[in-house]
Amino acid sequence: MRPRQDPLSGTGTLRPIPSAFFDRPTATVARALLGQWIVAGPRGAPRIARLVETEAYVARDRANHAFRGPTPRNRTMFGPPGRWYVYRIHQVHCANVVTRPGEAVLLRAAEGISPGLGPLNGPGRLARAFGLTREEDGRSATRAAVRLVLAPPPPERVVVGPRIGIRHGARRRLRYALHGVAAVSRPRPPGWARVVT
DNA sequence: TCATTGATTTGCT
DNA sequence: GCAAATCAATGAT
């Protein structure tokens, strides 16, 4: 067996995410995804960004698309963990990763690592930058052309605050972000969130 | 088939 | 800070 080809020369610690990563409480996954990388495109010239903001959508959560059970739109949320759940709202797409049945993590912001890829501050801009549409809904978020990978993790502080942009459940503190990162969407004044690590 | 809603973004005041 | 854009999904009729 030949050694796995490293998609990024010089980043030897880059490795696929095991599916067990997503089979954990959704808030845990949302937090664990911070600092990990989203990768798209050819192995030779991938497009890469670092996740800096996520939100958890959990059971018995009125803001969760799965709240009322399976529908044609949300059916992948009831499938295996580690798949993309992508939906469209207004004129943009938002990308989530499925965790446990009926729960998912919304990817809210990332910062470009590839040259020319700026701050992706907002779920719509993030999904668009990586070509995530309804076409990708249901595909593996760890093995497909657009995928998440474990990055060499620099230890960083994580902040938690209320979710934003929703009517119901907006008070729940299920929004996670890397502390002090500029690419976080809709930044709040100091104190909007609590440092937890 | 109809009406309502929205996990957003943008532009204007 | 606020409203409009703009349309698919959803639930009601």
Side-chain angles (χ1 to χ4, degrees), chain A residues 22 24-34 36 38 40 49-79 81-112 116-139 141 146 148 158-178 181-194:
Chain A
F22 299 100
R24 292 186 287 169
T26 301
T28 302
V29 177
R31 183 170 150 180
L33 280 174
L34 295 177
Q36 313 303 346
I38 179 172
R50 183 177 71 131
L51 299 179
V52 300
E53 182 188 354
T54 59
E55 280 179 355
Y57 287 86
V58 299
R60 295 180 299 283
D61 174 2
R62 293 253 283 145
N64 187 342
H65 286 177
F67 180 69
R68 294 169 197 279
T71 67
R73 176 175 68 168
N74 67 18
R75 63 193 161 83
T76 70
M77 288 187 74
F78 295 89
R83 305 285 183 89
W84 289 118
Y85 166 53
V86 185
Y87 67 91
R88 184 177 169 165
I89 182 169
H90 296 275
Q91 46 268 46
V92 303
H93 292 274
C94 295
N96 304 249
V97 190
V98 176
T99 57
R100 285 172 171 171
E103 304 195 355
V105 173
L106 170 68
L107 307 185
R108 280 203 62 90
E111 61 182 11
L117 200 55
L120 305 173
N121 51 337
R125 281 183 280 263
L126 173 53
R128 188 177 58 180
F130 283 86
L132 286 163
T133 68
R134 278 297 278 178
E135 189 81 6
E136 281 65 39
D137 179 81
R139 292 184 184 167
V146 186
L148 301 170
V158 170
V159 295
V160 180
R163 296 180 298 184
I164 58 178
I166 51 176
R167 270 167 67 94
H168 304 292
R171 304 168 75 92
R172 304 184 68 157
R173 303 174 70 83
L174 291 171
R175 182 193 185 199
Y176 295 87
L178 291 180
V181 171
V184 169
S185 69
R186 287 199 261 171
R188 302 298 177 103
W192 69 271
R194 180 165 57 90

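All chains are named by letter (A, B, ...) in the order of the sequence lines, taking the proteins before the strands, and each is independently numbered beginning at 1. No hydrogens, no waters, no symmetry mates; every other heavy atom, side chains included, goes into these values.
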Given atom [atom1] of [X] and atom [atom2] of [N], what is their separation to the nearest angstrom?
X        : N      : atom1 : atom2 : answer
A/Phe67  : C/dA9  : CZ    : C1'   : 17 Å
A/Tyr85  : C/dA8  : OH    : C1'   : 11 Å
A/Leu126 : B/dT8  : CG    : P     : 12 Å
A/Tyr176 : B/dA7  : OH    : C1'   : 16 Å
A/Arg186 : B/dT8  : CZ    : P     : 6 Å
A/Asn64  : C/dT10 : CG    : C1'   : 15 Å
A/Leu107 : B/dT8  : CG    : P     : 13 Å
A/Leu120 : B/dT8  : CG    : C1'   : 15 Å

Where the side chain of [X] is defined as all heavy atoms beyond and including C-beta, which of [options] is the nearest nucleotide?
X        : options               : result
A/Val92  : B/dA7, C/dC7, B/dT8   : B/dT8
A/Arg125 : B/dT8, B/dT10, C/dG11 : B/dT10
A/His168 : B/dG6, C/dC7, B/dT8   : B/dG6
A/Pro72  : C/dT10, B/dA7, B/dT9  : C/dT10

Practice problem: With heavy atoms under 4.0 Å as the rule, sort A/Arg167 into base, sugar-phosphate or nothing. | Solution: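 It contacts sugar-phosphate atoms only.
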Quiz item: At under 4.0 Å between heavy atoms, what does A/Gln91 touch on the DNA or RNA strands: base, sugar-phosphate, or nothing?
Solution: base
Quiz prompt | Test item: side-chain donor near acceptor, A/Thr54 and A/Arg108, under 3.5 Å | solution =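 Note: A/Thr54 and A/Arg108 side chains miss the donor-acceptor criterion.
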Exercise. Starting from the 5' end of DNA chain C, give me the residue, A/Thr71 or A/Ile89, whose nearest nucleotide shows up first.
Key: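 The residue whose closest nucleotide sits nearer the 5' end is A/Ile89.
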Quiz item: Measuring from A/Met77:CE to A/Arg100:CZ, what's the distance to the nearest 0.5 Å?
Solution: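 Here the interatomic distance stands at 14.0 Å.
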Quiz item: With ring centroids as reference points, do A/Tyr87 and A/His65 lie under 6.0 angstrom apart?
Solution: yes
Self-check item: Watson-Crick/G-U partner (both atom distances under 3.5 Å) of B/dA7
Solution: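 Pairing partner: none.
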Exercise. Report yes if a donor N or O on one partner sits less than 3.5 Å from an acceptor N or O on the other, where the partners are the side chain of A/Tyr87 and the base of C/dA9; otherwise report no.
Key: no
Exercise. Give a yes or no on whether a donor-acceptor pair under 3.5 Å exists between the nucleobase atoms of C/dA8, that is its base, and the side chain of A/His90.
Key: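 Side chain to base: no pair present.
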Quiz item: How about A/Pro123 and A/Val92: do any of their side-chain heavy atoms sit closer than 4.5 Å?
Solution: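 SC-SC contact between A/Pro123 and A/Val92 ruled out.
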Quiz item: When A/Leu107 is tested against each of A/Leu33, A/Asn96, A/Leu120 for side chain to side chain contact (heavy atoms under 4.5 Å, CB included), which residue passes?
Solution: A/Leu33
Exercise. Examine C/dC7: is either OP1 or OP2 under 4.0 Å from a nitrogen or oxygen in the side chain of A/Arg88? Give yes or no.
Key: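 No, outside the criterion.
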